[in-house]
Amino acid sequence: MKVLEAHNITKRFPGVVALDSVDIAFEPGKIHAVIGENGAGKSTLIKCLTGVYEPEEGDVYINGKDATKDRLLFDRVAYVPQEIDLFGHMSVAENLFIPYEKSGIQGTINQRKLQNMAVPILEKFRIPVKPDALVKDISVSAQQLLQIARACSHTDYQVLMLDEPTTSLTTKDTEILFDIIAEIKKDNKAIIFISHKLEEIFQLSDEITVFRNGKKVAYSPTEEVDIRWVIRQMTGKELDQSQVFYSDRVSDEVLLEVKDFTGDQFTDVSFELRKGEILGFTGLVGAGRSELMQGILGALPVIKGSARMEGEDWKLGDTNFAVNHGFIYLPEERKKQGILPVLSIKANISISSLDELMNGFSISAKKEEELAEKTIRTYDIKTPDSDKEIQFLSGGNQQKVIIGRAMSCNPKVLVFDEPTKGIDVGTKTEIYRLMKELAEKEEIGIIMISSEMDEVLKCSNRIIAMYEGRKVGEFPHGTDKETLLSAIIGISN
Amino acid sequence: MSEEKTTGKQNALVNALTKSNMTAMGVVLIILILIASVASPYFLDIYNLQSVVRDLAFVGMIGIAQSLLLLVGELDLSVGKIASLCGILSGIMMVHWGWNSWLSLIIALALGLVFGCINGLIITKLRLNSMVATIGMQGVYGGINLVLTKGKAITGVPENIQFLGKGAIGPIPYPFIFCVLVLIAVLFLVKKTKTGRYIYAIGNSREAAKILGIKVDKIRVMIYSLVGLISALAGVLYVARLGSAQSAIGENWPMNSIAASVIGGVALTGGIGNPAGALIGAAVISIIQNMIVLFGVNVYWQSAVSGLVTVAAISFSSISAIVREKRQRKVKLG
């Protein structure tokens, strides 16, 4: 018995076939992992299965009935998006039951009753917050779990669709989430699990479907295949998982020297960065790594401490100075802090190097176009043309635009904050290779902030671990994972 | 095959209309002009046209300025009061103190720049919301107005500058020429210069702009100053038009300038739109008001009718978008 089925669906956008004759079916009591590189068609599939898009060809059946004719059936599919979309200034309980009609609440809203109703759900999902707390004040992990709890507390759902639910979860919360998913599975619900983290997929799923370039390229029960098979199917080629990407040309010259940096969320941090080096910063979410870098950039206040770039004194609190003196920060929150969403790819690339594009008093359209074309070619950005709004690119391609933009303004230090968040294996490797190349050929210093242990170990020449705003250790490459892990959870030596 | 072709053509038309609100409103404007000229024999009368164009020049100028602020996601409700204050200050200099009238106008413009700059500094340094801060500031500027004039108009503005408001080059009134000059300057700023790009970047995401090293606050202050300057220009031109300086000048300009910008496709949320749209929006508003007078609508009904037609006009572009969506669905089912 299939609960959700897509028959031969095709969805086109101007210039691309996003989904090409896809057949897929989901069974109750099974966890079905859907994977593919960015732009492989996963998001479009989700939107077709939740009724947001109507496919041009093919049908979606829910409980054997055609859902394009009876759209109410789409209520049976509970979808948890990748990004948090809760109401920050409303209470946990209110967030849990909105929209009230779907949760079976009629008439006026009684806050106390809502809160009483919320308690057992919060317990079931092991969310350690009070029902009357405001969502903006609870941790990101708790918010993520709350989103899932919300999707499940609506009546009558039969399919639970989780889109990269673990990107902002700590290891401990990920385990909690997996326990909860296992319980939901026992309730005979169909679970669709979308993730880039292959280990998780093998830990959790019963079956795997792989997408590539809008086509379904492979399906298998999970126990019959391994990670290498998945990667081969996703990328169309073999990928060496044991490859390392640290720089081979670290010079002795110190590029950036940070001394006793203290701010709101970092305390007495000192470190040095050399030319051609990739320096990894690891730690838990909230360890103060991003804040430290934003302090150097000048976007966040620094109470105490000083910095020197190539021996010259560094000015604090002025992002314009920092950028003009070669310190470029590529933010973790790509959508909020990185891209300029409704501007074209071209305008997003050129914004940092307008000085070189001037023709007298005005920007030369020709030079701008040339720069955009060159960047698109150099960084292999997949887009039909440079006039497309950047918000319509996939995450990996947006990241490449941002890297290309950073490189066009002659950086000395590049800070990559979680550079592969939400990015698939194939593109991840591309970005690692790019970092290595930039460090070696352009002689810049790279700081990579990452919470993924494997990534830090693969790419860094040196690793600095942070815990609760303090630097708790510095390790050479080749350090074993256990040492690093104990450092970031605050156990010294 | 042939059927496909016609749908293709129709789609191209619908696409062109719905591409941006500005082009859609351009079409609305042309339709309005056609209706007005067919329905009323007086619309195309040169005297009537001149008066419409003279009117829209003022709302247009302020609208163009306002659209700059809307592009960074902010707005200024004190534009009208800055305009009347600068007009009155120029009147005091010219009439009461007997200063050279050209010098007085230039000083008044400079003061407009200063008032705008004050708005900008208050809003950026104290991190205030632009709407609330400028509601406060319009009270301040309006209050100074009343203190200076005690509510009385300053009459006897020198003849030698009155042509700036009353005169015309050939059939084209001077205020409209200034309006077009302002538009050209603003379009150059927005489309061709680095600052223009930074304006759009800030409107897209202030955080991202800051991380990119853009001097966000400096640019915001600069826009507020520019808005103050353009408001002052509109104010002194209006004084020249009336031949007297009054504190009632610019009463409707804040709301009309925002309406004109939004009608012309500039988004309230920032980062989207073209200042030229504000001029189209201003023309739509002015022509609607003119038609109401020409058609002899009862005085008491005028405001309601003009409001209704304005809402109908902005609905045009969103309705055409809805139609396009429906059509696409139908194509799929058929």
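Side chains included, hydrogens not; waters and symmetry mates left out as well; all remaining heavy atoms used. Because the structure is a prediction, the values reported are computed rather than measured. Letters A, B, ... mirror the listed sequences (proteins, then strands); counts begin at 1.
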Kindly give the heavy-atom pair with the smallest separation between [X] and [Y], and that separation in Å.
X	Y	value
V342(A)	I272(B)	CG2-CG1, 3.7 Å
L212(B)	R405(A)	CD2-NE, 3.3 Å
R197(B)	I363(A)	CG-CD1, 3.6 Å
T319(A)	K210(B)	OG1-O, 2.9 Å
T193(B)	F361(A)	CG2-O, 4.1 Å

Quick one: what part of [X] sits under 4.5 Å from any heavy atom of chain B, side chain, backbone, both or neither?
X	result
D355(A)	both
E389(A)	neither
S364(A)	neither
I339(A)	backbone

Atom [atom1] of residue position [X] - does it have more than 12 heavy atoms of other residues, nucleotides or ligands inside 6.0 Å?
X	atom1	result
K412(A)	NZ	yes
M358(A)	CE	yes
K192(B)	NZ	no
K335(A)	NZ	no

At what distance, to the nearest 0.5 angstrom, does CD1 of I390(A) lie from CG of N204(B)?
10.0 Å
Sub-3.5 Å donor-acceptor pair from the side chain of N320(A) to the main-chain atoms of G213(B), do we have one?
yes
Name the option with the most non-hydrogen atom pairs under 4.5 Å to chain B; the candidates are [options].
options	value
I328(A), L340(A), D318(A)	L340(A)
Q337(A), Q294(A), K336(A)	Q337(A)
P341(A), A322(A), A299(A)	P341(A)

Beyond-backbone contact of I351(A) with I214(B), side-chain heavy atoms, under 4.5 angstrom
yes
